[in-house]
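Below: one structure, written as structure tokens.
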Amino acid sequence: MNKPGLAFSLSQVRIVRGVQMLVTLILAVMTVFPLFWMISTAFKQPSDVFSMNLIPEAPTLRNFVYVFTEVNFLRYLFNTLVVSASVTLIALLFHSMSGYALARLRFPGREVIFMTMFSTFLVSLPVIIVPLFILVRTLGMLNSYAGLIIPAIFNAFGIFLLRQYYLSIPRELEEAAVIDGAGYWRIYWSLILPLSRPLLSSLAILFFLTNWNAFLWPLTITSDQELWMVQVGISAFKGQYSASWNYIMAASTIVAAPTLILFLIFQRQIMDSIKTSGLK
Amino acid sequence: MASIGLDNIVKAYGSLEVIHGVSVDIEDGDFVVLVGPSGCGKSTLLRMIAGLEDITAGTLSIGGTIVNNLPPKKRNIAMVFQNYALYPHMTVGQNMGFSLKLGGVPKAEIGRKVQAAAEVLGLSALLDRFPGQLSGGQRQRVAMGRAIVRDPQVFLFDEPLSNLDAKLRVVMRAEIKSLQASLGTTTVYVTHDQVEAMTMADKIVVMNEGRVEQIGSPLKLFNTPDNVFVASFIGSPVMNFIPGIVTTAGTGPTFLSGDLRLPLPHLPHGVPKETDVILGIRPQYWRRDPTGFEAQAEVIEPTGSETQLELSMQGHRLTVVLHEQLEVRRGDKVPLLPDFDKMLFFDAASHRRIA
């Protein structure tokens with residue numbers, strides 16, 4: 001039997017692949033180069049900052065020492081860690097519970113509540129930042145961890161994703177648990193939560209990174225430097241040391257390091273979460 | 001072990017009534033199969049027994065206790081689902097012991113009971129595996145293990161074999177039947193497969209559109225179906241139905257349908273003359289006979305020991321199963337004679353059996 005003819009010749013396929021790889025390579029270099037530049041500059045002497053060498057001639061840790069000693073960067077890192085971890089943990093717990101309730105429990109107004117939550121997707125933070133600020137101020141949460149953490153928990157994104165996921169879990173699994181003697185809480189804890197582990201870990205990474213990089217809201221509600229988060233800290237640092245690129249880059253490297261480490265450890269989950277959530 | 005009583009059970013979703021007053025008595029230790037086409041309400045009825053659906057009206061009792069308002073866990077029942085519903089994140093052992101764990105049974109006893117159930121079902125080597133690592137038949141066994149480990153009063157099966165291939169289905173059918181026989185636990189089994197119903201049940205409940213059409217032993221339903229629906233649903237291939245009249249005018253009792261004339265040895269008892277009736281005769285109750293009526297073969301399906309034929313006889317389409325290997329080609333004439341003693345007659349208007 002004759003094989004059906006290929007639509008493209010082998011050389012054409014090779015050319016197309018070559019072009020695709022070249023474009024990918026250019027994009028990758030464009031994305032990664034600033035990162036390398038940042039790290040490289042962080043290790044350079046002040047006099048070498050504007051030299052074109054990517055590898056510093058006389059690498060030094062002085063920039064990092066300066067950043068940590070002159071600015072309260074450890075405090076900023078600690079605050080960011082506390083806020084990001086708290087928001088992630090609390091949000092996942094509440095989001096999974098509300099996602100489960102919206103997917104499975106029958107109660108009046110369920111769809112209205114879901115649609116109302118869903119509609120908040122249309123509103124970005126800058127739009128509601130003033131009323132949110134007034135609300136948080138009224139509640140007496142300015143310049144507090146509560147003010148940084150609580151508003152960040154309310155986010156329709158996780159609830160929506162988890163609800164959709166729970167809808168896809170076969171109802172028979174829950175019914176089997178009911179017959180085995182489980183109540184709502186037991187089903188949620190012993191069945192639903194373990195089953196949603198892959199999605200929860202993806203969301204955890206997303207939430208953590210989002211909060212780690214949060215800038216606008218922490219800037220808005222914290223004037224006390226003891227409560228600053230890293231992005232606010234680095235922004236203020238840039239203003240203060242606008243000419244000292246070596247310090248700014250050392251600070252930026254410190255801020256970026258945890259997210260880079262997270263990325264290296266959880267590459268697969270991050271890619272999954274991006275695929276699952278349809279982001280990017 | 002317990003008897004189950006369904007008394008005038010009604011299920012409605014809003015104004016839509018789907019079960020219209022079903023009454024069935026299931027005796028202690030019985031293997032009862034609820035059978036019927038898709039949407040007939042058999043699964044809904046099973047789920048009402050399980051407590052997964054509310055009962056709109058009527059009384060449901062298990063072991064003499066009315067359980068209408070009892071939650072599933074207090075009914076002491078176990079259920080095997082169509083897709084097995086095994087907890088994917090738990091091992092086979094954890095799946096089987098989950099209900100005992102929830103019931104506060106000590107760990108050592110859970111282990112002992114799970115081990116005992118696993119031995120009965122040949123699952124001992126698989127206790128540490130996850131459901132995703134098991135074959136369809138093994139999952140089915142785990143689902144049964146999860147049911148028997150609780151030592152319930154009643155087993156409920158919701159089409160448990162429909163996800164298995166044909167060969168495994170036959171094996172599992174026998175296993176479930178023998179397991180039930182050895183445990184002696186009252187069992188309600190839902191299927192749409194009448195072969196499963198015939199081969200497994202002590203008693204079959206045939207349902208249609210939310211009503212019970214007939215209750216009886218497999219052979220009773222096969223031999224003396226109450227109506228056309230039961231006659232057509234039970235037995236494979238489907239019974240042949242020929243509408244016509246019985247007349248005694250002329251040479252003697254004869255069944256007439258268009259150009260088809262079937263002389264009858266005697267007037268069937270209870271069949272009114274010159275009245276529209278439906279003649280029912282199963283495909284297995286025909287034989288090849290040189291003195292028979294000629295029918296033209298249209299489809300020939302040899303299955304080895306038998307030959308199934310689709311034929312045309314005086315404008316009527318017939319299905320016939322002959323217990324022989326037959327060299328017949330499409331278009332050939334085959335002389336066939338029905339077994340007159342096995343003929344059934346149904347009233348044409350009510351579809352109820354009259355003889």
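In what follows, every heavy atom counts, from backbone to side chain, and hydrogens, waters and symmetry copies are set aside. Below, chains carry the letters A, B, ... as their sequence lines are ordered, and counting in each starts from 1.
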(request) Among Leu102(B), Ile77(B), Val80(B), single out the residue with the greatest number of heavy-atom pairs under 4.5 Å to chain A. (result) Leu102(B)
(request) Count the heavy atoms belonging to other residues, nucleotides or ligands that lie under 6.0 Å from CD of Glu109(B), then report whether that count exceeds 12. (result) yes
(request) Inspect the surroundings of CG in Leu89(A) and state if more than 12 heavy atoms from other residues, nucleotides or ligands are less than 6.0 Å away. (result) yes
(request) Counting only heavy atoms closer than 4.5 Å, note whether Phe81(B) contacts chain A via side chain, backbone, both or neither. (result) side chain
(request) Name all residues meeting the salt bridge (charged side-chain N to carboxylate O under 4.0 Å, His left out) criterion together with Lys73(B); count only those two or more places apart in sequence or in a different chain, and write none if there are none. (result) none
(request) Write out, in numerical order, the residues from residues 116-148 of chain B with a heavy atom short of 4.5 Å from a heavy atom in chain A. (result) Arg146(B)
(request) Assess whether atom CZ of Arg14(A) is packed by more than 12 heavy atoms of other residues, nucleotides or ligands within 6.0 Å. (result) no
(request) Under 4.5 Å heavy-atom distance to chain A, tell me which part of Leu86(B) shows up: side chain, backbone, both or neither. (result) backbone
(request) Measure distances from Leu52(B) to the heavy atoms of chain A and classify the residue's part below 4.5 Å as side chain, backbone, both or neither. (result) side chain
(request) Using a cut-off of 6.0 Å, state whether more than 12 heavy atoms not belonging to Phe121(A) lie near its atom CZ. (result) yes
(request) Please list, in residue-number order, every residue in residues 184-193 of chain A that has a heavy atom less than 4.5 Å from any heavy atom of chain B; write 'none' if there are none. (result) Arg186(A), Ser190(A), Leu191(A)
(request) Please flag which part of Arg150(B) lies under 4.5 Å from any non-hydrogen atom of chain A: side chain, backbone, both or neither. (result) side chain
(message) Please output the residues of residues 164-181 of chain A in contact with chain B, using a heavy-atom cutoff of under 4.5 Å, in numerical order.
(response) Pro170(A), Glu172(A), Leu173(A), Glu175(A), Ala176(A), Ala177(A), Val178(A), Ile179(A), Asp180(A), Gly181(A)
(message) Are more than 12 heavy atoms, taken from residues, nucleotides or ligands other than Asn68(B), located less than 6.0 Å from that residue's CG atom?
(response) yes
